[in-house]
Number of protein chains: 4
Amino acid sequence: MSKKSPLLKIDKEEAIFEAALKIITNKGFHKARMSDIAKQAGISYGLIYHYFKNKESLFDAIIARWWEGLFQCFDEILGTDMPVETKLRKIVDYHLCTYQDSPELVNIFTTEISRSTANLTKDRLDRFKKFISMTESVIAEGQQVGLLRSDYKPRYLTNIFLGALDSFISTMVLAGQKIKGDKQRNTIAESLLEVFLNGAKSR
Amino acid sequence: MSKKSPLLKIDKEEAIFEAALKIITNKGFHKARMSDIAKQAGISYGLIYHYFKNKESLFDAIIARWWEGLFQCFDEILGTDMPVETKLRKIVDYHLCTYQDSPELVNIFTTEISRSTANLTKDRLDRFKKFISMTESVIAEGQQVGLLRSDYKPRYLTNIFLGALDSFISTMVLAGQKIKGDKQRNTIAESLLEVFLNGAKSR
Amino acid sequence: MSKKSPLLKIDKEEAIFEAALKIITNKGFHKARMSDIAKQAGISYGLIYHYFKNKESLFDAIIARWWEGLFQCFDEILGTDMPVETKLRKIVDYHLCTYQDSPELVNIFTTEISRSTANLTKDRLDRFKKFISMTESVIAEGQQVGLLRSDYKPRYLTNIFLGALDSFISTMVLAGQKIKGDKQRNTIAESLLEVFLNGAKSR
Amino acid sequence: MSKKSPLLKIDKEEAIFEAALKIITNKGFHKARMSDIAKQAGISYGLIYHYFKNKESLFDAIIARWWEGLFQCFDEILGTDMPVETKLRKIVDYHLCTYQDSPELVNIFTTEISRSTANLTKDRLDRFKKFISMTESVIAEGQQVGLLRSDYKPRYLTNIFLGALDSFISTMVLAGQKIKGDKQRNTIAESLLEVFLNGAKSR
DNA sequence: GATGAATGAGCTTTCATTCAT
DNA sequence: GATGAATGAAAGCTCATTCAT
């Protein structure tokens with residue numbers, strides 16, 4: 001990149017990663033060219049293949065980063081006795097925080113995975129289902145403890161919960177909006193949760 | 001009458017349309033080949049170009065059908081004195097009914113337009129924004145008449161509403177679920193609306 | 001064409017012919033589409049194939065008309081005792097008169113045959129060579145009777161003669177100029193001939 | 001040094017250039033396939049696109065080489081006090097020398113540009129007109145200094161001059177003739193000029 | 001005769017991937 | 001590690017030609 005301080009191996013891989021994020025966000029996976037990514041990363045395109053097997057695996061690496069963070073989030077949630085409200089709040093926070101840090105990562109997840117049947121491999125779908133069902137287990141717990149109404153299937157409430165969350169993010173993605181600071185992030189999280197909890201609360 | 005009841009002109013165009021719906025749903029717009037579509041429609045691929053200028057305009061025709069129905073739905077809603085609940089219900093119904101009739105159409109809208117920045121042309125984005133803002137006007141009306149809480153921006157509530165709706169559909173799309181009959185459709189519509197209205201109700 | 005007076009067979013063939021002239025002139029043989037020609041002729045494109053075997057033979061028909069006129073011109077020249085100046089003048093006149101009547105015909109001959117190796121079939125080349133050699137025989141006759149200098153090969157003088165003639169026409173073709181009336185045609189013919197005869201005259 | 005002396009970058013581009021010259025000469029621009037050119041150049045056809053944007057620009061590169069040489073020739077002519085005969089001789093020489101070196105280049109210019117309205121873009125036509133008018137300025141100078149007769153428009157004499165020149169070359173092109181050595185080239189140049197100067201001389 | 005829907009070979013162009021240097 | 005020249009499969013699109021009506 002710069003003449004004076006050449007990137008270390010790990011930095012270069014990261015540079016490619018970031019470049020891919022940006023390009024895939026802008027053009028979509030199919031229209032993103034390896035040469036675009038290389039140019040964005042400031043390297044020759046042949047070099048990408050030293051760090052990533054091919055375009056697909058570069059894509060997988062991106063998706064993996066999303067899932068790793070998310071599943072780690074669930075590790076801190078599942079099987080604990082923290083209140084259901086807090087668990088849901090943590091799920092919301094993971095989405096919003098990641099969006100704050102790397103809107104592109106969330107965008108790619110939203111556009112290329114969570115909505116696209118086209119890019120779905122077996123692996124990707126499995127992880128997606130796992131995510132849904134882990135969320136559903138939190139919702140179900142909420143029904144068991146009497147926080148959420150039990151007259152709807154947990155899957156329905158899960159859909160509504162994740163849908164509202166996803167919609168916020170998608171709208172911001174489409175509009176190119178950034179979350180400005182932690183305060184705005186909190187407002188969004190709170191209104192999201194409150195409407196959901198209120199709407200779905202047991203009575 | 002005829003030996004094997006050949007398709008009329010309009011039917012042939014419709015056959016291509018349906019084939020495109022199916023193929024694009026399965027493979028996504030970019031991986032969908034014109035030759036796939038032709039094969040699915042049972043015609044030679046050169047013929048597609050008699051009915052549609054190119055791949056893009058075939059795609060546009062698909063999207064147009066979605067928007068036409070939706071905007072017609074809004075024509076019946078906006079500027080009338082029907083209750084806000086009914087208006088929201090009609091929006092939900094349009095989505096679910098269309099999904100019932102043609103899951104592929106809804107799928108394509110969901111995956112290729114409402115979530116994808118890559119396929120967004122100016123025209124497509126404009127229609128999308130129009131849709132959001134018409135929905136928002138219904139939500140805002142709900143706030144004015146005291147049905148919905150006014151301490152959130154109408155745009156927030158709109159996101160939550162559309163997000164929940166969209167999520168239901170996306171989940172069904174991903175899982176390949178069909179809506180089985182009008183009864184199930186009603187159940188979904190009602191639970192969706194009730195949770196939203198309850199969660200967002202003024203107090 | 002018109003509802004009231006449908007074209008006779010011969011007229012329709014002529015209409016196609018004229019349309020082909022115009023389209024090929026404008027776009028060149030390769031870019032001229034049969035559908036362009038049909039549209040120009042006011043008929044459906046399938047009908048062209050009732051009158052002409054295929055695109056190539058339509059092209060041949062055009063070229064044939066040129067050659068027929070030209071060879072008829074030579075029939076009136078060769079083997080007669082008319083002065084060489086008159087003979088040359090007749091060759092010039094054929095070119096200019098045809099250009100006056102149908103600039104497109106001359107244009108096609110000039111651009112697609114007399115200059116293009118690409119469109120040269122054996123047949124076409126043979127007729128072209130025949131044309132050159134008949135002209136050369138007139139030039140040679142001029143040398144024998146002492147009108148033209150004999151220290152150059154007849155082929156050289158032929159080239160100069162035909163080149164000057166061709167150049168006039170090509171320039172007019174490129175510039176889209178028409179010959180305005182017989183008077184201008186005469187002026188051109190005379191200056192052409194005078195310069196040539198004077199330059200090539202025996203001394 | 002190297003195992004089999006691979007072509008340098010510049011050589012490879014030149015190889016494609018030469019291959020294109022040959023193929024376009026044989027088949028014409030429209031029938032010349034990129035794959036033909038690649039095969040002729042001994043490379044894969046994808047590689048052509050590393051060196052030339054597309055077929056059109058490969059064509060333009062060919063034409064550009066012709067014009068560059070020609071306009072350079074005029075640079076050495078215009079605005080100098082060299083005799084008009086010498087100037088005309090230099091124009092003739094450029095054509096004949098180029099033909100000697102690269103008959104294909106001259107052929108393509110002659111067949112695809114100077115005679116074809118089909119391949120004429122605005123740019124190409126402009127350069128062509130520039131060429132005509134620079135020649136005309138030399139002719140006009142000849143009229144002013146009393147070398148050439150002034151009772152004809154300079155444009156007429158220009159047509160005759162360029163026509164004779166062009167015709168020689170076209171005839172050789174069509175017949176596949178080569179200019180054998182400088183001596184033959186001189187003979188052609190001299191006879192061409194003498195006939196023209198003599199025919200057009202002032203008296 | 002007349003139409004234009006239907007066919008499919010054939011072309012240009014793109015771009016992921018490889019590999020010699 | 002780094003480069004970018006080289007490859008060639010793959011896809012969109014065109015259009016001459018056929019043929020059922």
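Nothing here was measured: the structure is a model prediction, and the numbers come from that model. Below, read A as the first sequence line, B as the second, and so on, with proteins coming before strands; counting in each chain starts at 1.
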Q) Under 4.0 Å: is that the gap between some side-chain N or O of D:Lys53 and OP1 or OP2 of E:dT13? A)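 No, outside the criterion.
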Q.
So, does D:Tyr51 get its side chain near the phosphate of F:dA6, meaning an N or O under 4.0 Å from OP1 or OP2?
A.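 For F:dA6, OP1/OP2 do have a side-chain N/O of D:Tyr51 under 4.0 Å.
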Distance in angstrom units between [X] [atom1] and [N] [atom2], rounded:
| X | N | atom1 | atom2 | value |
| --- | --- | --- | --- | --- |
| C:Tyr49 | E:dG1 | OH | C1' | 17 Å |
| A:Lys55 | E:dT14 | NZ | C1' | 11 Å |
| B:Lys31 | F:dA11 | NZ | P | 11 Å |
| D:His30 | F:dA16 | NE2 | P | 12 Å |
| D:Ile48 | E:dT14 | CD1 | P | 13 Å |
| C:Phe52 | F:dT17 | CZ | P | 13 Å |
| B:His50 | F:dC15 | NE2 | P | 12 Å |
| A:Leu47 | F:dA5 | CG | P | 16 Å |

Q. Backbone N or O of C:Phe29 within a donor-acceptor pair of the C:Glu112 side chain at under 3.5 Å?
A.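 Yes: the side chain of C:Glu112 pairs with the backbone of C:Phe29.
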Q. Any donor and acceptor pair, going by atom type alone, linking the side chain of B:Lys55 with main-chain N or O of B:Ala32 inside 3.5 Å?
A.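 The answer is yes, because a donor-acceptor pair under 3.5 Å joins these two groups.
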**Q.** Heavy-atom check, side chain of B:Arg33 versus side chain of B:Lys27, under 4.5 Å
**A.** yes
Q: Could you check A:Tyr45 against D:Phe29 and say which one's nearest nucleotide on DNA chain E is further toward the 5' end?
A: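 Here D:Phe29 is the residue nearer the 5' end.
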Q.
Which is more 5' along DNA chain E, the nucleotide nearest A:Met34 or the one nearest D:Met34? Just name the residue.
A.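 Residue closer to the 5' terminus by nearest nucleotide: D:Met34.
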If the threshold is 4.0 Å, N to carboxylate O, is there a salt bridge linking [X] and [Y]?
| X | Y | answer |
| --- | --- | --- |
| A:Glu14 | A:Arg65 | yes |
| C:Asp123 | C:Arg127 | no |
| D:Lys31 | D:Asp36 | no |

Q: Describe the nucleic acid contact of B:Ala38 in one word from base, sugar-phosphate, nothing, applying a heavy-atom distance below 4.0 Å.
A: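 Answer is nothing: B:Ala38 stays at 4.0 Å or more from every strand.
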Q | All stems with DNA chain E, defined as three or more consecutive Watson-Crick or G-U pairs under 3.5 Å | A |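 Looking at DNA chain E, the stems formed by three or more consecutive pairs are E:2-21 with F:2-21.
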Q: With the side chain of C:Arg33 defined as its heavy atoms from C-beta on, choose the nearest nucleotide among E:dT7, F:dA16, F:dG1.
A: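 Taking heavy atoms from C-beta onward, the closest nucleotide is F:dA16.
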Q: Look at the side chain of C:Asn54 and decide which nucleotide, out of F:dT17, E:dA5, E:dT3, has an atom nearest to it.
A: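 Within the option list, the nearest is F:dT17.
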Q: Tell me which of B:Gly46 and A:Gly46 sits closer to the 5' end of DNA chain F, going by the nucleotide each one is nearest to.
A: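 The answer here is A:Gly46.
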Q | Test: B:Lys22 cationic atom under 6.0 Å from B:Phe17 six-membered ring centre, within 45° of axis | A |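 Negative - B:Lys22 is either too far from the ring of B:Phe17 or too far off its axis.
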